[in-house]
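Because the structure is predicted, anything quoted here is derived from the model rather than measured.
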Amino acid sequence: MDHDIAEGVYVQLLTRDGAPTGYAFQQFHVGQVRTYQGVQYLHAGFQYSGASLDLGFPNAEAVLAFHANVLGLNIWKQAADDLWVAKVRTVWLDSVTGEETGISMEDTYAVTGYVHDLNQVTLTLGSPLDAIGGDWPRRVLTQAMVGALPPNGDVRF
């Protein structure tokens with residue numbers, strides 16, 4: 001018997017050096033704690049809008065939108081202030097059983113900021129960081145390559 005495929009998202013927040021912060025969320029198994037790849041994910045109502053990537057646009061951003069509440073605001077402020085990393089896994093799900101059938105996409109982002117109103121908190125996720133941990137390209141930016149930074153420059157990683 002064939003089952004339809006659904007999509008779900010797992011988000012794990014890590015410190016800048018890759019240590020778990022203790023915050024990991026999923027948005028498809030309502031009211032459940034879900035263990036996936038050895039991490040426990042709490043249910044949270046959120047929406048993920050991933051970046052569209054191509055080689056000509058390396059500074060793509062993505063966003064995570066959560067319901068606003070006081071506890072969440074403190075977490076999101078710390079995530080932005082400390083430049084936490086968001087590991088986002090979009091998975092294929094069997095729509096009947098809810099079991100994961102494969103990974104659709106896996107990205108790693110820096111939490112670069114957040115905005116909120118009374119109803120929603122939106123985290124801005126900076127450029128994907130996948131290449132930072134890889135072996136390519138082995139290149140260091142120098143002043144000769146990029147020029148001098150202005151004294152009021154805003155540098156984001």
Derivation and outcome, side-chain contact (heavy atoms from CB on, under 4.5 Å), residues Thr90 and Tyr48: CA-CA 9 Å; Thr90 305; Tyr48 169 65; 4.0 Å; yes

Hey, what do you get for [atom1] ([X]) to [atom2] ([Y]), rounding to the nearest 0.5 Å?
{"X": "Lys87", "Y": "Asp107", "atom1": "NZ", "atom2": "CG", "result": "11.0 Å"}
{"X": "Gln40", "Y": "Thr35", "atom1": "CD", "atom2": "OG1", "result": "4.5 Å"}
{"X": "His116", "Y": "Leu123", "atom1": "NE2", "atom2": "CG", "result": "11.5 Å"}
{"X": "Phe46", "Y": "Leu64", "atom1": "CZ", "atom2": "CG", "result": "6.5 Å"}

Within 6.0 Å of CD in Glu7, more than 12 heavy atoms from elsewhere: yes

Contacts of type side chain to side chain contact (heavy atoms under 4.5 Å, CB included), residue Ala68, not counting sequence neighbours: Val121

Counting only N and O atoms by type, is there a donor-acceptor contact under 3.5 Å from the side chain of [X] to the main-chain atoms of [Y]?
{"X": "His29", "Y": "Gly98", "answer": "yes"}
{"X": "Gln27", "Y": "Val9", "answer": "yes"}
{"X": "Thr122", "Y": "Ala65", "answer": "no"}
{"X": "Thr21", "Y": "Leu13", "answer": "yes"}

Anything under 3.5 Å between a donor and an acceptor, one on a side chain of residues 75-85, the other on a protein residue two or more places apart or in another chain? List them.
{"unit_1": "Trp76", "atom_1": "NE1", "unit_2": "Gly72", "atom_2": "O", "d": "3.3"}
{"unit_1": "Lys77", "atom_1": "NZ", "unit_2": "Asp81", "atom_2": "OD2", "d": "2.4"}

Of all pairs that satisfy salt bridge (charged side-chain N to carboxylate O under 4.0 Å, His left out), the ones with a partner from residues 20-29, not counting sequence neighbours: none

Do [X] and [Y] land in one hydrophobic cluster if side-chain heavy atoms of ILVMFWY residues count as linked below 4.5 Å?
{"X": "Val63", "Y": "Phe25", "answer": "no"}
{"X": "Leu71", "Y": "Tyr23", "answer": "yes"}
{"X": "Val115", "Y": "Tyr109", "answer": "no"}
{"X": "Ile103", "Y": "Val39", "answer": "yes"}

Phe28 and Tyr10 aromatic ring geometry - parallel, tilted or perpendicular at 30°/60° bounds: perpendicular

Non-hydrogen atoms of [X] and [Y] that approach each other most closely:
{"X": "Leu125", "Y": "Ala86", "answer": "CD2-CB, 4.0 Å"}
{"X": "Ala44", "Y": "Phe66", "answer": "CB-CE2, 4.3 Å"}
{"X": "Ala110", "Y": "Arg16", "answer": "CB-NH1, 3.5 Å"}
{"X": "Asp117", "Y": "Gln120", "answer": "OD1-N, 2.8 Å"}

Salt-bridge contact Arg89-Glu100 (side-chain N to carboxylate O under 4.0 Å): no

